[in-house]
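Letters A, B, ... are given to chains in the order of the sequence lines, protein chains preceding strands, and every chain is numbered from 1. Not measured: the values here are computed from a predicted model.
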Protein chains: 2
Amino acid sequence: MDARISSGRRAADAIVERLELRIVSGELPDRTALPPERVLMAEFGASRTVIREAITALSSRGLIENRPRYRPIVRKPGFDAALGALGGIVGHLLGEAEGVKALFDSRIFLERALVREAAMHARRADIQALREALAANEAAIPDSARFYATDVAFHAVLYEIPRNPIMPAIHRAYVAWLAVHWHRMLRSPERNRVNYQSHRTILEAILERDPDAAEAALASHLNAAWEYVRVTFEPAPERTEAGQP
Amino acid sequence: MDARISSGRRAADAIVERLELRIVSGELPDRTALPPERVLMAEFGASRTVIREAITALSSRGLIENRPRYRPIVRKPGFDAALGALGGIVGHLLGEAEGVKALFDSRIFLERALVREAAMHARRADIQALREALAANEAAIPDSARFYATDVAFHAVLYEIPRNPIMPAIHRAYVAWLAVHWHRMLRSPERNRVNYQSHRTILEAILERDPDAAEAALASHLNAAWEYVRVTFEPAPERTEAGQP
DNA sequence: GTGGGTATTTTGATCATACCAAAAATGGCC
DNA sequence: GGCCATTTTTGGTATGATCAAAATACCCAC
């Protein structure tokens with residue numbers, strides 16, 4: 001009478017699969033509540049143990065939003081949800097210097113390509129958005145918190161230009177990863193002004209349709225930024241070489 | 001005697017947190033097996049229900065690898081694990097044409113940047129690896145399955161060149177996403193030959209240290225490839241406009 | 001004693017049942 | 001019709017049992 005799976009596959013996996021199907025097929029539309037566990041139990045002929053395991057699995061895969069005491073809600077995820085889930089995992093890497101460095105480098109690498117793209121293919125609306133973002137950026141120089149927001153917004157425009165929904169999602173993910181440590185980052189109006197000037201240089205290169213100059217300006221900008229990010233991930237003062245001489 | 005959490009937090013969450021700490025702190029070193037459920041049960045004063053829930057949660061977050069009947073193994077995740085988890089989610093987007101297009105476009109975008117990088121900064125060893133990959137690619141032209149493997153390998157070299165561990169992980173993720181549909185993709189020795197020629201053109205541009213030519217060649221190559229990928233994601237013939245005139 | 005095969009123990013997977021508390025549904029009151 | 005008390009539903013957790021596969025201990029032959 002046992003319906004146990006004796007192969008290398010959990011019983012919950014089969015249920016996950018079937019529920020997945022119902023979600024992507026639209027049988028369980030977005031934002032609707034999942035049937036109660038006891039119903040699913042009868043429906044799939046499994047114990048609540050298995051049903052619950054399947055639900056948590058779906059939840060961790062982003063197909064279901066499962067607040068503690070509430071009915072699980074079907075969520076057809078977008079790229080944001082996907083990258084959000086990724087963020088939780090990558091977060092663990094952020095404790096290790098190498099991981100952060102790799103992450104930040106990947107950002108530099110991507111944004112270098114983005115500014116090239118911008119220099120070559122930015123449309124009138126993109127240019128306009130960049131101009132506005134830069135203006136907001138300048139206006140916020142005295143206020144570091146606001147500057148940070150406008151800084152993020154400026155870069156966000158770059159991610160919009162390729163018109164690929166994945167790009168903004170990636171940007172949001174980067175921002176989310178780094179935001180955790182923002183409060184530990186050094187910041188000051190002087191520093192803000194430097195960053196503003198970098199943004200300005202980048203935009204000028206884009207306006208001149210000079211991808212190489214734009215790429216170089218951005219690389220310089222982000223490599224400088226890295227110095228300020230890096231320190232926040234170096235908790236213990238390993239070497240006091242230039243400490244108090 | 002009940003240790004039930006009555007707030008908006010599951011009991012499992014606390015355990016997840018504590019186990020997380022043990023993992024990142026190194027108390028539970030990488031690759032070691034987790035203690036048996038019954039031990040953890042006693043240790044945390046929770047029922048197996050909760051322990052198991054915590055374990056599956058850790059597992060879905062990539063901190064633990066748990067094959068069906070084996071002891072869960074601690075895994076300080078790398079970027080591969082992260083992107084692997086992401087893959088499961090993104091997979092759902094692959095059913096929708098827009099999602100696939102966006103994904104493929106992002107790949108083109110990234111690889112364009114990669115070949116530029118290669119043209120500018122490829123080292124002797126990278127060049128050698130590319131040459132070898134190309135040779136293997138040519139040799140495999142008659143055998144489509146083998147050709148596919150060498151095709152992937154050729155592109156993989158490009159992802160190695162920036163020396164950023166995230167890049168190869170991204171590549172593997174792309175490959176995994178697309179591999180699911182490989183059996184539906186059209187393939188033939190003629191097609192293989194065309195692809196081989198594309199690879200050859202790309203490598204030549206890299207050898208000449210000409211990033212623009214390399215980028216153009218790669219874009220052309222992948223845009224052509226997209227045509228072959230696209231059809232596999234268009235199940236129903238929605239419009240027969242150019243069907244049988 | 002060592003390799004290989006077998007018996008035993010451990011342990012993960014699943015089921016069944018029960019209870020509690022919070023959420024949701026119900027119904028009656030103003 | 002809207003608001004509040006009551007009942008029902010439902011998710012969270014606990015306990016105990018069973019089974020099969022994995023891990024381990026054991027044994028035997030060479």
**Message:** Exactly one of B/Val50, B/Val39, B/Leu19 should register a side-chain contact (heavy atoms from CB on, under 4.5 Å) with B/Phe44. Which one does?
**Reply:** B/Leu19
**Prompt:** Under a 4.0 Å heavy-atom cut-off, which of residues 47-56 of chain A touch DNA chain D?
**Reply:** A/Arg48, A/Arg52
**Prompt:** Among A/Leu58, A/Val74, A/Asn66, which one satisfies side-chain contact (heavy atoms from CB on, under 4.5 Å) with A/Leu34?
**Reply:** A/Val74
**Message:** According to side-chain contact (heavy atoms from CB on, under 4.5 Å), who are the partners of B/Glu17, at least two apart in sequence or on a separate chain?
**Reply:** B/Arg9
**Message:** My understanding is that only one of A/Tyr174, A/Tyr228, A/Trp226 makes a ring pair (Phe, Tyr, Trp, His ring centres under 6.0 Å) with A/Phe104; could you say which?
**Reply:** A/Trp226
**Prompt:** Is there a donor and acceptor pair, one atom on the side chain of B/Arg10 and one on the base of D/dG12, closer than 3.5 Å?
**Reply:** no
**Prompt:** Taking atom P of D/dG11 as reference, at what distance in whole Å does atom CD1 of A/Ile73 sit?
**Reply:** 12 Å
**Prompt:** Within the modelled atom types, does a donor on one side and an acceptor on the other bring the side chain of A/Arg38 and the base of D/dG11 under 3.5 Å apart?
**Reply:** yes
**Message:** Applying salt bridge (Lys or Arg N to Asp or Glu O under 4.0 Å), can you list everything that pairs with A/Arg38, at least two apart in sequence or on another chain?
**Reply:** none
**Item:** d(CZ, B/Arg67; P, D/dA20) in whole Å
**Value:** 21 Å
**Request:** Round to a whole Å and report the spacing from CD of B/Glu43 to C1' of C/dT11.
**Result:** 16 Å
**Prompt:** What's the CE-C1' distance between A/Met41 and C/dT17, to the nearest Å?
**Reply:** 9 Å
**Asked** Out of A/Leu158, A/Ile166, A/Val152, which one pairs with A/His171 under the side-chain contact (heavy atoms from CB on, under 4.5 Å) rule?
**Response** A/Val152
**Asked** From the list D/dA23, D/dT13, D/dG12, which nucleotide is the closest neighbour of the side chain of A/Arg69?
**Response** D/dG12
**B/Arg71 CZ - D/dT24 C1' separation (whole Å)** = 12 Å
**Request:** Hey, which sits more toward the 5' end of DNA chain C by its nearest nucleotide, A/Tyr70 or B/Val39?
**Result:** B/Val39
**Prompt:** Roughly, in whole Å, what's the span from CD in A/Glu37 to P in C/dA24?
**Reply:** 14 Å
